[in-house]
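Counting begins at 1 with the first residue of the sequence.
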Amino acid sequence: MTLKFTIEYYTRWGEKLCLVSNDKVYPMTWGAGNIWSVTIKNCPASLPEDYTYVLYQGDLIARTEWKHHHLGKISGKKSVTVEDFWNDCPIQGCPFPRQHSAAIFDNPGYRGAGTAIPVFALRTEDDFGVGEFTDIPSFVDWMTRTGQSILQLLPINDTTRKGAWGDSYPYNPISSFALHPIYVHLPAVGVKADKEYKALQKELNAEKFVDYPRVMEIKMKYLRAAYEQHGPVDKLKTAYKKFVAGNADWLDAYADYCAKRDKADPDFYRWVQWHLDRQMGAAVEYAHSKGVYLKGDLPIGVGRDSVDATSFPKLFNLDSSTGAPPDYFSTDGQNWGFPTYNWDEMAKDDYAWWKKRLRKMAEYFDAFRIDHILGFFRIWEIPVEFKGGLYGHFNPALPYSRDEIVNMGLPIEGLFIEDPRRLGWFHPLITPDTSKLEPWQKERFDALYTDFFYHRHDAFWRYNAMRKLPHLLSATGMLACGEDLGMVPDCVPEVMDNQKILSLEMERMPKGQEWPYLSVCATSSHDMTSIRLWDADDKEPAECKRILWRHLDSKSMLAIFPIQDWLSISAPLRAKDPSAERINDPADARNKWRWRLHLSNRQLIDSSAWSAEIAGLIKDSGRSA
């Protein structure tokens, strides 16, 4: 079948219109009357069911439609002409350029409240030493009692390498698509809750923290036994076959990776992922039925030994690691150990890997936190031979040539580091040694340093971000929120505002300006202590309540607090030791991600006075669901 698409659109010099379907771009031709058209011969049957028009300015996306076109199936004709109109936002006062899958986000003036908690920290009587996907519904029940509408989770992807403590780090996935087996509820996959099971369950649930290695070992043993018993029948089910076929583009490589690691049957891992998908999907469906929407976490990196990096090595710079320069969290900088992205290679297929990753995420989440959004502008890249983060450099960047530095009268040693891919070109060190410089040299280097880290790259990094982010944001209907703390160039808030990405605002890390509406305000993060230990030995409940109120009363669209901070306002419910509430210390590379809430979901629900107090705060701030 041949389809001709036409649309009236007034463009400016340098702009062009394209039709996009299934990530394939069809350039259109301008004609009289500002009519753009494209004729597609042997048109894919799926194209009329889902397509959109995109405006380009040069090689950058300048504008997208509010929503996609859906004509449905067209049959019985050899040639059809489709006359279209541009889909603009029909909601007066809506600030977003694209429709969200959760319509509540597009309501003008919407302000919501929520809770951040890792899945592993949830606690019920039915789990097995660690929070599970099946614990989410009862936590949602508590949220609905308080008028909350957003549940924020840490990454839930599989990180299994050896089953040891190192695997507890949720930001180092072995797959950007597979869910973590530790979150499976065993009885739901066919494990019988016999006397032995209940004894182990009681023992593990009595632990104050998650015993990650032990829980993983026991759960995997139960899963393998359940697979031997139920797998042959389950694999004949239509639902199983549909899941395997629909996820084959990542599931097959993941199953082979795990089978090679464990010397096991690849189908076992497909079966586990099928069950995890069903359990997480049921939890999401329940949350939506209660008016609660889920916000996920998109790690900036993937492991260099991951399925992603080994399957698509050209997409990664495996000779370097990602990290962060010295900041609030670490005076020595950070080395996360992930390979950096080869963005030029990714651009060749319009970032197909990223789009697939986000679409998988969108099956479970309505919003997502872009971990270290600065990585889409530039990343702190560290050659693999260095352990710390001090000897890194920004990539991409505009370094100085040797001649430029010499002509400025500056030495290279102690002040600059050579670019590993452009020999003879140098980046200023993030912590230079200026002690031996003459006063005029120090003044000159200080000016160079300030220009390099805060001004020199603004237009360059803006262009790099605009090459990527519009493609990624258009791939799903998730609300995008960026973690934009630390050393932030001026171009970052400009791009985030252009793409309507919510910023992250925290009193503890002030940016020197009023929080905008398009933002998420938070009292703490998983990398911090709770507010109880913020500038005090242990803040009293009344002071904690005042801090929460200041955030709730702000203009921010979303106010999302860690469960520890919600509990801080109740003397009877808050943990006895506030230092034990911290989930992660970024300066500790061997941090054990094991924190678990000391109260069960049932205890939260039964704490009516505390819940009523929270409900009052949320209602008074105009954030009730």
Side-chain angles (χ1 to χ4, degrees), residues 319-336 340 372-465 483-495 506-514 527 535 586-587 589:
D319 60 349
S320 302
S321 295
T322 58
D327 60 12
Y328 175 91
F329 298 113
S330 176
T331 56
D332 295 325
Q334 301 173 47
N335 185 335
W336 302 326
T340 57
H372 194 68
I373 194 173
L374 274 67
F376 291 92
F377 294 77
R378 79 317 187 247
I379 199 72
W380 189 247
E381 184 176 77
I382 307 159
V384 291
E385 59 265 28
F386 294 111
K387 298 294 184 183
L390 292 178
Y391 291 96
H393 61 275
F394 286 129
N395 180 21
L398 301 170
Y400 300 96
S401 68
R402 185 185 299 273
D403 288 344
E404 285 180 287
I405 297 171
V406 171
N407 290 337
M408 285 186 280
L410 297 173
I412 290 176
E413 186 176 354
L415 301 180
F416 297 89
I417 186 170
E418 190 169 21
D419 190 299
R421 297 187 183 88
R422 295 181 64 191
L423 300 182
W425 293 78
F426 298 85
H427 305 258
L429 283 167
I430 191 70
T431 53
D433 179 8
T434 60
S435 61
K436 298 179 181 179
L437 297 181
E438 297 291 334
W440 66 269
Q441 287 179 309
K442 187 176 186 308
E443 182 179 349
R444 186 167 295 179
F445 180 79
D446 287 346
L448 177 149
Y449 184 96
T450 300
D451 178 66
F452 186 87
F453 285 109
Y454 293 99
H455 306 293
R456 179 179 175 89
H457 298 92
D458 269 0
F460 181 58
W461 285 340
R462 182 188 187 281
Y463 170 78
N464 272 280
E483 186 271 293
D484 58 339
L485 305 176
M487 183 186 284
V488 180
D490 291 341
C491 61
V492 174
E494 176 190 350
V495 170
M506 305 182 77
E507 274 192 17
R508 303 168 79 173
M509 296 186 70
K511 297 177 183 176
Q513 60 187 23
E514 184 182 11
D527 286 327
D535 296 333

Go through the structure and list residues passing side chain to side chain contact (heavy atoms under 4.5 Å, CB included) with P493, not counting sequence neighbours.
V488
Under a 3.5 Å distance rule, please check whether N335 uses its side chain to pair with a backbone N or O of K387 as donor and acceptor.
yes
Using the test side chain to side chain contact (heavy atoms under 4.5 Å, CB included), find all partners of N464 that sit at least two apart in sequence or belong to another chain.
P396, F460, R467, K468
Interatomic distance, CD@E413 vs CG@L429, rounded to 0.5 Å, equals 10.5 Å
Closest non-hydrogen atoms of P325 and I430, given as atom of the first, atom of the second and distance, are CB-CG1, 3.9 Å
Atom CH2 in W336, atom NE2 in H372: separation rounded to 0.5 Å?
4.0 Å
Looking at residues at least two apart in the chain, or sitting in another chain, which of them share a side chain to side chain contact (heavy atoms under 4.5 Å, CB included) with V406?
R402
Decide if the gap between the ring center of F445 and the ring center of F452 is smaller than 6.0 angstrom.
no
Closest non-hydrogen atoms of D458 and P489, given as atom of the first, atom of the second and distance, are OD1-CB, 3.9 Å
Kindly compute the distance separating CD (Q334) from CG (D527), expressed to the nearest 0.5 Å.
7.5 Å
Kindly indicate whether the side chain of K511, heavy atoms from C-beta on, has any atom under 4.5 Å from the side chain of L485.
yes
Using the test side chain to side chain donor-acceptor pair (under 3.5 Å), find all partners of Y463 that sit at least two apart in sequence or belong to another chain.
D59
Across all chains, not counting sequence neighbours, the side chain to side chain donor-acceptor pair (under 3.5 Å) partners of E418 are none
Is F416 close to L448 at the side-chain level, that is, under 4.5 Å between some pair of heavy atoms?
yes
Working to the nearest 0.5 angstrom, can you tell me the gap between I417 CD1 and I412 CD1?
12.0 Å
What are the two closest non-hydrogen atoms of I382 and G388, and how far apart are they?
CG2-O, 3.5 Å
Please list all pairs meeting side chain to side chain donor-acceptor pair (under 3.5 Å) that have one or both residues in residues 420-443, counting only residues at least two apart or in different chains.
D319-R421, S320-R421, E381-R421, D419-H427, D433-S435, K442-D446
Reported CG-to-CZ distance for the pair D484 and F377, which is rounded to 0.5 angstrom:
9.0 Å
Hits for ring-ring contact (aromatic ring centres under 6.0 Å, His included) against F386, two or more places apart or cross-chain, chain-then-number order -> Y391
Tell me, please, which residues at least two apart from F426 pass ring-ring contact (aromatic ring centres under 6.0 Å, His included).
none
Sequence neighbours excluded, which residues qualify as side chain to side chain donor-acceptor pair (under 3.5 Å) partners of R462?
E494
Taking atom CG of L415 and atom CD1 of I405, what is their separation to the nearest 0.5 Å?
8.5 Å
Tell me, please, which residues at least two apart from F394 pass ring-ring contact (aromatic ring centres under 6.0 Å, His included).
W380, F453, W461
